[in-house]
Protein chains: 2
Amino acid sequence: MELKLSISELSEKTGLSIDTIRYYEKIGILPSPHRKGNGQREYTSGDLERFIFITQLKRTQMPLKEIDRYIQFYIDQDYESCYQVLHTHKVEIEEQMAEMSMALEKINYKLTNFKSLVSDRNGKHN
Amino acid sequence: MELKLSISELSEKTGLSIDTIRYYEKIGILPSPHRKGNGQREYTSGDLERFIFITQLKRTQMPLKEIDRYIQFYIDQDYESCYQVLHTHKVEIEEQMAEMSMALEKINYKLTNFKSLVSDRNGKHN
DNA sequence: ATAGCGCCTGGAGTATAGTCTAGGTCAAAT
DNA sequence: ATTTGACCTAGACTATACTCCAGGCGCTAT
């Protein structure tokens with residue numbers, strides 16, 4: 001027997017709002033889940049897994065349009081294009097991580113500067 | 001004699017559009033530069049440096065409002081608050097980097113899967 | 001002197017990604 | 001039987017971050 005999730009349960013598990021979940025479904029990046037007799041959405045653990053991957057892509061700055069492209073290729077079983085899209089995103093993530101390291105260095109430098117400015121002003125007894 | 005830059009030169013050096021530069025000035029995250037007699041903006045190398053730091057914050061996903069907060073604290077010489085804001089952003093960058101590593105792992109896993117799906121379909125002679 | 005270029009301003013328009021509202025259905029609890 | 005709570009839809013609204021446009025100024029080259 002498969003575990004079924006309501007939209008609010010899915011929302012809790014993924015951290016996305018109920019509105020966002022419906023929005024993603026509307027723009028096509030989440031498959032329309034099975035509906036119960038009364039029309040309410042019912043999610044499977046498979047849905048949950050796909051959902052989690054999508055949110056991971058989103059949190060690494062992949063635009064929804066690009067996520068959508070990926071999903072459509074996946075639905076069309078065009079795995080070569082899936083590979084392409086994901087590979088491009090991978091390169092982007094790597095670039096972003098490189099930028100973040102550089103920014104961190106600069107920020108750490110500034111933080112030490114601010115710290116000494118602050119302690120000087122306080123007569124350095126802290 | 002200080003080197004002066006026009007807005008288009010600054011744009012070239014920073015990769016931000018002229019419109020964006022004027023927009024940033026309007027919302028207060030860039031100081032209004034000195035103006036030439038005819039009203040045109042003239043940037044110093046100090047301006048350029050500040051500009052580059054700002055774009056670095058922006059590229060690491062710091063919202064413009066937060067950048068603005070930082071700048072205002074800096075102008076007010078409230079270095080303790082500068083420290084706070086920058087420190088908060090540092091933590092955010094570190095979290096983002098952690099998420100990116102996790103996403104990279106998952107993406108690499110998916111990439112190898114897609115690769116084998118594609119080569120299977122092609123009769124695996126490549 | 002006039003045409004072209006780079007710059008100026010204020011304000012309108014756009015893209016992205018949601019978020020909120022009004023009005024309605026259904027099932028369980030009082 | 002009616003109230004409550006979770007859900008539904010369509011569509012309006014919002015926030016963020018630009019981007020574009022119209023109309024105008026001032027210097028340089030023809």
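Remember, it's a predicted structure, so these values are computed and weren't measured experimentally. Throughout, protein chains are lettered first and strands after them, A, B, ... in sequence-line order, and every chain is numbered starting at 1.
At whole-Å resolution of the value, OH in Y23(B) and P in dC8(C) are 18 Å apart. Regarding E12(B), its CD atom lies at a distance of 11 Å from the P atom of dG6(C), rounded to whole Å. One atom, CD1 of I54(A), and another, C1' of dA17(C), lie 15 Å apart when rounded to the nearest Å. Remark: P of dA17(D) and CG of D68(B) are 11 Å apart, rounded to the nearest angstrom. Residue I18(B) contributes atom CD1, which lies 15 Å from atom P of dC18(D) at whole-angstrom precision. For the pair L10(A) CG and dC7(D) P, the interatomic distance rounds to 11 Å; values are reported in whole Å. The distance from atom CG of L16(A) to atom P of dT19(C) is 9 Å, rounded to the nearest whole Å. Straight-line distance from the OH atom of Y43(B) to the C1' atom of dC7(C): 11 Å, rounded to whole Å.
The shortest distance between the side-chain N/O atoms of R41(B) and the OP1/OP2 oxygens of dC7(C) is not below 4.0 Å. Side-chain nitrogen and oxygen atoms of S17(A) include at least one within less than 4.0 Å of the OP1 or OP2 phosphate oxygen of dT19(C).
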Polar pairs (N or O, both sides) under 3.5 Å between protein and nucleotides 21-25 of chain D?
none

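Closest approach to the R35(A) side chain among dT9(D), dC8(C), dG18(C) is made by dT9(D) (side chain taken as heavy atoms from C-beta onward). Picking from dT9(C), dG11(C), dC8(D) the nucleotide with the shortest atom distance to the side chain of K26(B) gives dG11(C). Nearest nucleotide to the side chain of S6(B), out of dG26(D), dG18(C), dC7(C): dC7(C). Side chain of S8(B), nearest nucleotide from dG6(C), dC18(D), dC26(C): dG6(C). Of the candidates dC7(C), dC7(D), dG18(C), dG18(C) carries the atom nearest the Y24(A) side chain, counting heavy atoms from C-beta on. For N38(A), counting side-chain heavy atoms from C-beta on, the closest listed nucleotide (dA27(C), dG18(C), dC8(C)) is dA27(C). Checked against dA17(C), dG26(D), dC7(D), the side chain of Q40(A) finds its nearest nucleotide in dC7(D).
Using a 4.0 Å cut-off between a side-chain N of Lys or Arg and a carboxylate O of Asp or Glu, R35(A) and E25(A) qualify as a salt bridge. The pair R69(A)-E66(A) meets the salt-bridge criterion, since a charged nitrogen lies less than 4.0 angstrom from a carboxylate oxygen.
Residues V85(B) and M62(B) have side chains in contact (heavy-atom distance under 4.5 Å, counting atoms from C-beta outward). Using a 4.5 Å heavy-atom cutoff, the side chains of L104(B) and M97(A) are in contact.
Between I107(B) and K90(A) the shortest heavy-atom distance is CG2-CB, 4.1 Å. In plain terms, the two heavy atoms of G28(A) and I71(A) that are nearest each other are O-CG2, 4.0 Å.
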Chi angles and distances behind the salt bridge (charged side-chain N to carboxylate O under 4.0 Å, His left out) call for K65(B), D68(B):
CA-CA 5 Å; K65(B) 268 195 186 167; D68(B) 189 44; over 6 Å; no
Stepwise side chain to side chain contact (heavy atoms under 4.5 Å, CB included) test for K106(B) and F53(A)
CA-CA 8 Å; K106(B) 205 154 178 178; F53(A) 183 54; 4.0 Å; yes
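A cation-pi geometry, defined here as NZ or CZ lying under 6.0 Å from the six-membered ring centre and within 45° of its normal, does not hold between K110(B) and Y70(A).
S11(A) and S8(A) are not linked by any side-chain donor-acceptor pair at a separation below 3.5 angstrom, with hydrogens and angles left out of the test.
Residues of residues 57-66 of chain A that place a heavy atom closer than 4.0 Å to DNA chain C, in numerical order, are K58(A), P63(A), L64(A), K65(A).
Ring planes of F114(A) and Y79(B): parallel class, angle under 30° (limits at 30 and 60°).
Linking Ile, Leu, Val, Met, Phe, Trp and Tyr residues whenever their side-chain heavy atoms come within less than 4.5 Å leaves Y109(B) and I93(A) in two separate clusters.
With hydrogens and angles ignored, the 3.5 Å screen pairs a side-chain donor or acceptor of N38(B) with a backbone N or O of Q40(B).
Axis angle, first five pairs versus last five pairs of the helix from dA1(C)-dT30(D) to dT30(C)-dA1(D): 20°, rounded to 10°.
Across all strands shown, I7(B) has heavy atoms under 4.0 Å from sugar-phosphate atoms exclusively, and none from any base.
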